[in-house]
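Start at 1 with the first residue, then count along the sequence. Whatever order the structure lists them in is the order used to number ligands and atoms, beginning at 1. All values derive from a computational prediction rather than experimental measurement. Side chains are part of it too, since the values below use all heavy atoms of this structure and drop only hydrogens, waters and symmetry mates.
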Amino acid sequence: MLKTECLIIGAGAVGLITAVELRRRGFGVAMLERGEAGQEASWAGGGILFPLLPWDYPEPVTTLAMAGVNQYPALVETLLADTGIDPELRRSGMLVLPPFDALAAASWCRNHALGQETCRGRRFVPELAKNEDALWLPGVFQARNPRLLQALRRWLERHGVTIVSSAPVEQLEVKNNRLESVATPQGRFSADRIVVTAGAWSKELLGEHALKLDIRPIRGQMLLFKGAPGRLEPVLMKNGTYLVPRADGHILVGSTLEDTGFDKRTTAAARDKLYAEAVKLLPFLQDTPMLKHWAGLRPGSPGNIPTIDRHPAIDNLYVNSGHFRYGVTMAPASAHLLADLLEGRTPALDATPYRWPT
Ligand SMILES: Cc1cc2nc3c(=O)[nH]c(=O)nc-3n(C[C@H](O)[C@H](O)[C@H](O)COP(=O)(O)OP(=O)(O)OC[C@H]3O[C@@H](n4cnc5c(N)ncnc54)[C@H](O)[C@@H]3O)c2cc1C
């Protein structure tokens with residue numbers, strides 16, 4: 001049986017960034033991953049580092065999201081310097097088209113020191129079909145999430161963290177309020193502390209020990225167009241549809257929110273809807289090749305508030321999961337909070353909203 005100080009189960013953005021944080025604090029860390037690291041929701045997402053309309057969410061969502069965003073520049077600098085992989089962190093800004101609650105938006109931006117400006121949409125996106133009144137948020141960042149995941153993986157390998165692939169955790173052995181070991185087809189693993197970061201699968205993995213943890217898969221489908229650099233500069237958002245331009249001209253279009261269980265298939269209906277909405281906003285996409293269509297399973301949670309806590313009855317078991325629509329954004333702050341709790345330090349953030357529901 002392999003033994004380590006900290007064992008992390010699930011190698012998506014949340015697990016990988018938690019591993020980085022714990023390793024930097026001096027812990028010996030190993031990870032178990034059902035498939036390959038960074039191939040699930042964290043790969044499938046858009047990489048916008050911002051809650052889409054934050055004023056529509058409870059405050060604990062924006063607290064964690066904004067704390068996460070603030071940590072990205074330093075994290076990406078470290079990853080780039082140590083691995084040579086560039087996660088393409090960019091402050092591309094976001095243009096929000098109506099409908100949106102202008103008063104709530106202005107007040108939220110003031111309270112969170114985020115610049116905002118009302119403008120005509122074509123000022124920032126000249127190719128818009130309609131020149132509507134819009135809200136310009138220049139401070140919004142994005143990252144190229146698949147590259148971020150590659151960089152995290154390489155950083156961990158270089159810093160002595162083993163990621164065991166094809167190692168689904170299938171059983172938990174709990175004795176005397178301790179998680180003694182976990183069983184995978186590759187053998188049993190034990191650790192002083194075990195952290196579950198298995199995204200949409202966290203509740204199923206924990207079984208009876210999940211207690212009232214409320215995390216379930218919510219499918220999101222995305223399209224990818226092969227645009228030319230410069231045709232769209234900021235992230236564009238209207239009515240729940242968003243377009244994310246990458247530096248090389250690729251444009252992602254997302255997304256659906258579907259309660260279809262653990263079903264990751266794509267559908268023609270979602271593809272047609274996303275395509276129609278994207279073309280209605282930016283007619284040039286009609287003449288732009290569509291390269292890909294995929295789906296991912298978000299770890300859905302009530303109010304979009306993740307659980308970051310120690311288990312109420314199992315002393316060495318922790319969870320960091322349920323980040324729903326904003327896990328990439330929240331991951332650095334979420335990892336920081338989890339590591340503070342694991343070390344018994346007073347957390348920099350108030351941990352109350354993220355407690356294990358009992
Ligand atoms: C279409 C779409 C668009 C999105 N856009 C954005 C965005 O723009 N910005 C943003 O911040 N967020 C976005 N998100 C949300 C974000 O992707 C998720 O919140 C985030 O990826 C959750 O990270 P995670 O590490 O918890 O989950 P995952 O990335 O799903 O990782 C969980 C890992 O656990 C592993 N695992 C599961 N069960 C087991 C087991 N039994 N044993 C071992 N390993 C196991 C899985 O294989 C997986 O690798 C989007 C999501 C989708 C689907």
Side-chain angles (χ1 to χ4, degrees), residues 7-19 31-52 61 64-65 68-69 72 94 140-146 148-149 152-153 163-172 182-186 189 194-207 215 217-224 235 237 240 242-244 252-258 262 264 266 270 274 293-301 304 306-308 319-335:
L7 183 64
I8 298 179
I9 305 175
V14 174
L16 293 165
I17 294 179
T18 301
M31 302 190 76
L32 299 176
E33 166 53 46
R34 184 188 54 182
E36 285 293 321
Q39 296 296 313
E40 292 290 350
S42 304
W43 177 90
I48 307 168
L49 301 180
F50 192 69
L52 288 171
V61 172
L64 204 59
V69 174
Y72 261 100
M94 180 159 93
V140 173
F141 280 86
Q142 61 154 298
R144 198 153 181 168
N145 38 314
L148 171 70
L149 294 161
L152 288 165
R153 206 174 154 169
I163 304 176
V164 187
S165 304
S166 307
V169 169
E170 292 173 344
Q171 248 188 331
L172 311 179
V182 299
T184 78
Q186 302 206 38
F189 296 80
I194 299 180
V195 186
V196 172
T197 54
W201 298 269
S202 297
K203 185 177 167 193
E204 278 61 29
L205 187 158
L206 286 160
I215 297 176
I218 301 291
R219 184 168 70 190
Q221 302 191 40
M222 299 277 285
L223 305 181
L224 179 69
V235 174
M237 155 91 191
Y242 53 83
L243 284 78
V244 188
L252 291 94
V253 179
S255 175
T256 58
L257 277 167
E258 302 165 83
F262 289 98
K264 236 176 49 176
T266 55
L274 289 170
H293 174 203
W294 66 82
L297 298 177
R298 306 178 183 89
S301 55
N304 207 120
T307 300
I308 309 160
V319 73
N320 186 5
S321 193
H323 301 74
F324 202 174
R325 301 196 75 180
Y326 306 117
V328 178
T329 310
M330 291 170 164
S334 191

Atom 1 (C) of ligand 1: of Ala167, Ser255, Gly46, the nearest heavy atom sits on Ser255
Numbered atoms and elements of ligand 1 in range of Leu32, under 4.0 angstrom, heavy atoms: 43 (C), 44 (N)
Does ligand 1 have a heavy atom under 4.0 Å from the side chain of Met222, from its backbone, from both, or from neither? side chain
Which atoms of ligand 1 are found less than 4.0 Å from any heavy atom of Ile9? 42 (N), 43 (C)
Which ligand 1 atoms are under 4.0 Å away from a heavy-atom of Ile48? 7 (C), 8 (O), 9 (N), 10 (C), 11 (O)
Using a 4.0 Å cut-off to any heavy atom of Gly296, which atoms of ligand 1 qualify? 53 (C)
Tell me the contacting part of Ser321 for ligand 1: side chain, backbone, both, or neither, using a 4.0 Å heavy-atom threshold, strictly below. neither
Donor-acceptor check, side chain of Asn145 to backbone of Trp43, threshold 3.5 angstrom: yes or no? yes
Is there a polar contact, in the sense of an N or O pair closer than 3.5 Å, between Ala13 and ligand 1? yes
Show the atoms of ligand 1 that are less than 4.0 angstrom away from any heavy atom in Gly220. 1 (C)
Less than 3.5 Å apart, any donor N or O on the side chain of Glu33 or Gln39 sitting next to an acceptor on the other? no
Honestly, for Thr184 the part within reach of ligand 1 (heavy atoms, under 4.0 Å) is neither
Polar atom proximity, Gln221 to ligand 1 (N or O, under 3.5 Å): no
Which of the atoms in ligand 1, numbered in the order shown and given with their element, are less than 4.0 Å from a heavy-atom of Trp201? 30 (O), 37 (C), 38 (N)
Contact atoms of ligand 1, heavy-atom distance to Val328 under 4.0 Å: 10 (C), 11 (O), 12 (N)
Which of Thr197, Thr184, Leu205 passes side-chain contact (heavy atoms from CB on, under 4.5 Å) with Ile9? Answer is Leu205
Numbered atoms of ligand 1 (with element) below 4.0 Å of Thr197, judged on heavy atoms: 32 (C), 34 (O)
Looking only at atom types and distance, does a side-chain atom of Ser255 sit under 3.5 Å from a main-chain N or O of Gln221, one as donor and one as acceptor? yes
Hey, could you give me the CD1/CG distance between Ile48 and Leu243, rounded to the nearest 0.5 Å? 9.0 Å
For atom 51 (C) of ligand 1, state which one of Arg298, Arg325, Gln39 supplies the nearest heavy atom. Arg298
